[in-house]
Student: 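Attaching a single structure in C-alpha cells format; questions to follow.
These values consider heavy atoms only, across backbone and side chains, with no hydrogens, waters or symmetry-generated copies.
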Amino acid sequence: MVGSKKKPNKSSERSHKPHIKKKLNPFEVHINREKLKVLGKKNKNDRGLPGVSREKALKKRKHTLQQEFKLHNKANRFVDKRIGEGDVNMTEEDRFIARYAKLKSKHHKKSIFNLADEEVLTHKGQALSEIEKFEDTKSDDDESIEGDKIGNLDENFVDEAHFGGGVLKRTGIDGAKSHKDLIDQLIAESKKRKAEKQKLKEETLELTEKLDSEWKDLLPLVNKTKSTKATPELEKADEYDKTVKQLKFEARGTPSDRLKSEDEIAKEEREKLEQLEKETTADDLEDNFAYESDTEVTLSYNQEGEANLVLEAELNGKTILPKNDDKENEGSDEDDKESVSEEESEAEDDLSDLKGSESVSESENEYFSTNTEDKIKPEAIRDDLLKRKEIMDKAREELPYTYKFPASYEELQLLLQFESSERQFMILERLIKCNHPSLGSNNKENLNLLFAYLLQYINDIAEVKTIEDISKCFSTFSNLVPHIFNLAEMSPLNAHTLVLDVLKEKHQCYRKHKLAYPDIEVLLFLKLVSCVFPTSDFRHVVVTPAIVFIDQMLNKCKVRTRRDIAYGLFLTTLVLEYTTLAKRFLPSAINFLKGILHMAIPKAGIKLIKICPPFKTSSNALVLCNNCNESTISLTMNVSYLLNGEIDDEFKMRAIYLSSCLLKEFVTNFAELDSSYEIFSTIMEYINAIPMNNYPVEVKEKFKSLEEEINRIKSNRRLKYLTVAKPKPKALRLYEPRIEKVYDTKKRRIESREKAEQNKLLHKLKRERKGALREIRRDNAFISRLRINEQIQSDNVRKAKVRKLLSDASIQQSELNTLDRKKKRKK
C-alpha cells in the first residue's frame, strides 16, 4: 500500500515568509509643485496619493452616510449594546472576558478586605448564610441509639430465611412455619421496633425542649461565683454602665418586623371606624334584651316609672337584676361595678386612638369622658330601661364613624352646614379615611372631587355680614386647611389645576373693579396657597400667579376706609409669608406699609411728605389725636376689621403697631441685600414725623427697635461705589528706527496685532468653508450614486418579475393553444 504524501501547509509557509512592503505605483503619486522654492521651508503636502485618499474617503462614507441612507425614513433599528460590540480593537475573546468580568463584579462585595471571589454557597437551594443559625434541626434520617439503621434486616431472619437455619429450628410449639408467615412476623416486628424508637425519640425531644426553655432559670446557678464579697468599686456602678447593659439585652428587631404601608394603614383605619360604627348603633344597644314568660304580655309602666314585669337585662356581658334581687347580690355589686368600669375604660382607650393629635369637638370629649357608674347605678336598676333609652339617644346624637361619599356638593354642604368647626373637622377626617384611594378604584376620583367641593365650600362660607359670621368663617377655614393639604398631597396635579382656576376666576372678577379690594374669599384662597404649596421655589405654577395678584391689589386699590386698611395689612402679612424663605423683594408691600405710616402723620402746618400711589399726600385717617399713652388694650388685629366700620383710636393704634412689626420683619429678612438701607431709609423720615407721645409704651418700643435695626444695617453695609477706570499711562516716544524682517518678496501691510489676528482667523474661516463645501459636494455625489444604484437594482428586480410573468403567460398560452388544437382534431 502506497503511503499518501502530506500536503504542505500553506498557512504556515505564509506565516514564515517575510512581510513584503507593497510598492507604490509611481503613476498614482501626485506631486504638488511650487512656483517659488524657499530654503528651509517644510511642505507637508508636497507628495499626495489621490487614489488612496479617495479610497479612504469612500470607505468612511460607506460606514457613515450609506448607513444613514439605509435607515432613512425608518423608525426602528437594532442596536447591539453588549460590552465590546462597539469597540473595533477588541477581539471576540476579549469581549467574552470583559462580559464575564462585568457579571462577576455584580456579585462581588465592595470591600477592601475581600481578597477572594465571593461565591454564594447553598445547601438544598438555600444560602448557607441564611440557614447557619446553629439550631438543632430535627431529621428523620438520624441513626438509632443502638447503631443499626432503620430498614436493615435482622441477623436471625437472614439465617432462617436465606440459609435454612436447620430442621430443628424451624419447628416449635406451633410447628413449622411457612415462608409467608415468616414474612408477616418480620413486618410486625419491624413496625413494633420503629414505633418504640419513634416514642423514645419524641421523649428525648420533649426533654431537650424543656431544658432549653428552663435554661434561663439555671443561668444564675451556673454563673454563680464562689466569692460573695464584692469590692466597693464594683458595687457602685456608673449610670453609663447601667445604660450600656440595658441596651445590650434590649430586644432587637427581626426582618419580619416591617413598617406598614400607607394602603394597610388606611385599610385598618377604615375597619376600625366601621367596627366603632357597629358598636355605637342603636341596634346593637337593643341586643341581648329578653324576658322569660310563658305568654305574651304587654309591657307598661306606672306613674313612678316602674314596669309591670320583672325583667333581666344584660349589658357588656353582665346581668342586671331587678331591685328585689339587690339584697341577694350585695356582695357582687361592687365587683360588677368595677368590671363594667374597666370595660368602659377599655372602650375609651380604643376610641382615643382615633383622636391622635387632632382637634375633637366638645360633645365628643364629653362622650369619651362619660363614666359607666353614672349611667347604671345599683340603686336605680328599676329605671334601667329609661337609662338605656338615654344612652341610645346619646348614640344617635353622636357623629357616625363611617360616611358615604356625597353624591353632590349640596349633600356635602348639608352635612357640614349646621355643625361646629370641630365637628366638621371630624366629619371630613372620617370621610377621607373611609374613601382612601387604596380602598377602591374610584376613591381617587372621589377625593379629587372632594377637593373641588371644599374649595367651593370655602367660597360660600366667606359670604359674611356680621362679626360672628366672620369669626366662624376663619375658624372653619383653619380646620379645613389640614384636610385640603392631605388631599393636595394625594393628587398634586389636581390641586394645582383647581386652585389655579379659582385664582384666575377671582382675578377676572377683580379686573372689573381694579380700584376696590375684592371680597374676603380672595384672602382665604391666597392664605390657602401659602399653606398648601411651597413658597421657596423660584417659579411655581400657583404661588407665582398668587404673588402677582397680591402685587396688583396693593398697587391699584385705593385705601380709604377701615376695611381697606385691614385688607391691605392682611395682604402684606401674606407677602411676608410668601417671601420669608425665598428672600424676594416686593416693592408694593413696603410701599403700603410706608403709606400706613404716612396716614398717621398730621398734615396741617408742616411741609407735606411725598408718598407713592395709591395713597394720597393729604390723607390723615390714622392720626391719633387723643392721648392713649396709658392704654392697656391688646394691640392684636381682629378679623372683624375686615368688615365696614368706623376708624377709632383702638384701630389706629393696632394698625400702626402691626405696620411697625411687619416693617421690622421685612428689615430683618432683607438685611443681606446690598440695597437694604436704600429700601428702608425713607421710613426714618415717616417715623420722625409721627407724634409718639399719644401712643402706648409698647408701640414706642417697637418703633425704637425698628430705628435701631435700620441704623445697624446702615453701619454694617459695605457699598462699593462705581468709579471711572483710570487711563493707562502713555509710553515715551522712541527715536530708534523700526526694522521689519522680510523673508519673501511679498509686500506686507503694516497692521496692528489685533488686526493681524483677525485677518488670520478670516483666512482660516475661508479655507475651512471651502473644504466644507467640497466635502458637501462629494457627499451629495456619493448619495446620488447610492440612489442611482438603488433605482437600478429596483428596475432590475422589476424587469425580472416582468420577464417571469411574460414567460408564465407564454407557457399558459402555449398550453391553451395545444388544448384548442386537440379539440379541433376531435371534432
Side-chain angles (χ1 to χ4, degrees), residues 455 458-467 469-474 477 499-500 502-531 542-579 586-600 611-622 636-648 651-652 654-659 661-663 666:
L455 295 181
I458 292 174
N459 187 78
D460 293 343
I461 63 175
E463 297 178 359
V464 295
K465 296 182 180 179
T466 61
I467 298 176
D469 294 342
I470 193 170
S471 300
K472 184 179 178 181
C473 170
F474 277 87
F477 175 77
V499 176
L500 189 60
V502 171
L503 291 179
K504 289 180 180 179
E505 179 183 353
K506 298 302 176 184
H507 186 262
Q508 290 176 359
C509 296
Y510 160 73
R511 292 184 63 183
K512 297 178 182 178
H513 306 282
K514 292 183 180 181
L515 301 181
Y517 284 104
D519 295 332
I520 299 177
E521 66 267 13
V522 178
L523 292 180
L524 297 180
F525 287 122
L526 293 175
K527 178 66 177 177
L528 181 66
V529 170
S530 64
C531 296
V542 180
V543 178
T544 304
I547 295 176
V548 175
F549 192 9
I550 295 173
D551 183 69
Q552 290 179 0
M553 287 189 288
L554 291 176
N555 279 325
K556 299 293 183 182
C557 297
K558 293 184 178 181
V559 183
R560 297 173 180 175
T561 62
R562 187 185 73 175
R563 179 184 179 276
D564 298 339
I565 297 172
Y567 205 106
L569 289 174
F570 197 104
L571 292 177
T572 311
T573 308
L574 290 179
V575 171
L576 184 61
E577 293 182 6
Y578 278 57
T579 60
L586 197 66
S588 59
I590 308 299
N591 182 62
F592 185 86
L593 296 177
K594 291 179 182 179
I596 297 297
L597 297 181
H598 184 269
M599 294 174 70
I611 188 66
C612 297
F615 296 92
K616 293 183 179 180
T617 307
S618 60
S619 177
N620 54 359
L622 295 178
T636 306
M637 292 288 288
N638 195 350
V639 293
S640 61
Y641 292 145
L642 294 174
L643 300 175
N644 292 324
E646 189 176 343
I647 300 177
D648 52 1
F651 175 76
K652 294 176 183 179
R654 290 182 176 180
I656 296 300
Y657 179 75
L658 179 58
S659 301
C661 293
L662 292 174
L663 281 172
F666 278 116

Student: Which of these passes side chain to side chain contact (heavy atoms under 4.5 Å, CB included) with Tyr517: Val559, Thr561, Leu642?
Tutor: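 Of Val559, Thr561, Leu642, side chain to side chain contact (heavy atoms under 4.5 Å, CB included) with Tyr517 is met by Val559 alone.
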Student: For residues Pro518 and Arg563, report the shortest heavy-atom separation together with the two atoms involved.
Tutor: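 Smallest interatomic distance, heavy atoms only, reads O-NH2, 2.6 Å.
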Student: Is any side-chain heavy atom of Val522 less than 4.5 Å from a side-chain heavy atom of Tyr510?
Tutor: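 Side-chain contact under 4.5 Å: no.
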Student: Is there a side-chain contact between Val575 and Ile547, using heavy atoms and a 4.5 Å cut-off?
Tutor: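 They are not in contact (no side-chain heavy atoms under 4.5 Å apart), so the answer is no.
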Student: Heavy atoms only: give me the nearest Leu500-Pro545 pair and the separation to one decimal.
Tutor: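 Here Leu500 and Pro545 meet closest at CD1-CG, 4.0 Å.
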Student: Looking only at non-hydrogen atoms, find the nearest pair between Phe477 and Lys527 and report the distance.
Tutor: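 Closest approach of Phe477 to Lys527, heavy atoms only: CE2-CG, 3.8 Å.
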Student: Quick one, Leu597 and Leu663 - any side-chain contact, counting heavy atoms below 4.5 Å?
Tutor: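 The answer is yes; the side chains approach within 4.5 Å.
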Student: Measuring from Ile461:CD1 to Cys473:SG, what's the distance to the nearest 0.5 Å?
Tutor: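 If we round to the nearest 0.5 Å, Ile461:CD1 and Cys473:SG are 4.5 Å apart.
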Student: Check the pair Val529, Leu503 against side-chain contact (heavy atoms from CB on, under 4.5 Å), reporting the backbone distance first and the verdict last.
Tutor: CA-CA 10 Å; Val529 170; Leu503 291 179; 4.3 Å; yes
Student: Considering only heavy atoms from C-beta outward, does the side chain of Leu528 approach that of Leu455 to under 4.5 Å?
Tutor: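 Yes, close enough: below the 4.5 Å cut-off.
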Student: Can you check whether Val639 reaches Phe570 side chain to side chain, under 4.5 Å on heavy atoms?
Tutor: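 When only atoms from C-beta onward are counted, Phe570 and Val639 do not touch, as no gap falls below 4.5 Å.
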Student: Roughly how far, to the nearest 0.5 Å, is CZ of Arg654 from OG of Ser659?
Tutor: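 If we round to the nearest 0.5 Å, Ser659:OG and Arg654:CZ are 14.0 Å apart.
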Student: May I ask you to check whether over 12 heavy atoms, not counting those of Lys506, lie within 6.0 Å of atom NZ?
Tutor: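 Atom NZ in Lys506 is packed in, count exceeds 12.
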Student: With rounding to the nearest 0.5 Å, note down the distance linking OG1 in Thr572 to OH in Tyr567.
Tutor: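 With rounding to 0.5 Å, OG1 (Thr572) is 12.0 Å from OH (Tyr567).
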Student: For residues Phe592 and Asn555, determine if any side-chain heavy atom of one lies less than 4.5 Å from a side-chain heavy atom of the other.
Tutor: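 The answer is no, as the side chains (C-beta and beyond) never meet within the 4.5 Å cut-off.
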Student: Work out which heavy atom in Arg560 is nearest to a heavy atom in Ile647; give both atom names and the distance.
Tutor: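 The pair with the smallest heavy-atom distance is O-CD1, 4.4 Å.
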Student: Counting C-beta onward and ignoring hydrogens, is there a side-chain heavy-atom pair between Asp564 and Lys558 closer than 4.5 Å?
Tutor: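 Not touching, per the 4.5 Å side-chain cut-off.
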Student: Would you name the heavy atoms of Arg562 and Ser640 that are closest together and state the gap between them?
Tutor: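 Between these two residues, the closest heavy atoms are NH2-O, 3.7 Å.
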Student: Would you say Asn591's side chain and Pro613's backbone share a donor-acceptor pair under 3.5 angstrom?
Tutor: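 Yes: the side chain of Asn591 pairs with the backbone of Pro613.
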Student: Would you indicate whether Leu576, at its atom CG, is surrounded by more than 12 heavy atoms from other residues, nucleotides or ligands within a distance under 6.0 Å?
Tutor: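 For Leu576, atom CG is crowded (more than 12 foreign heavy atoms under 6.0 Å).
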Student: Say you draw a straight line from CE of Met637 to SG of Cys661; how long is it, rounded to the nearest 0.5 Å?
Tutor: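 Going from the CE atom of Met637 to the SG atom of Cys661 covers 11.5 Å.
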Student: Is there a donor-acceptor contact under 3.5 Å from the side chain of Asn638 to the main chain of Tyr641?
Tutor: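 Flag not set: sc Asn638 to bb Tyr641 has no pair under 3.5 Å.
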Student: Check whether any side-chain heavy atom of Met553 lies under 4.5 Å from a side-chain heavy atom of Leu526, and answer yes or no.
Tutor: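 Yes - at least one pair of side-chain heavy atoms lies under 4.5 Å apart.
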Student: Write down the atom of Ser530, the atom of Glu577, and the distance for their closest heavy-atom approach.
Tutor: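 Distance-wise, the nearest heavy atoms are OG-OE1, 3.3 Å.
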Student: Let me confirm one number: the NZ-CZ distance from Lys556 to Arg511, rounded to the nearest 0.5 Å.
Tutor: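 Those atoms lie 11.5 Å apart.
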Student: Between CD1 of Ile565 and CG of Leu658, what distance do you get to the nearest 0.5 Å?
Tutor: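 Ile565 CD1 to Leu658 CG: 11.5 Å, rounded to 0.5 Å.
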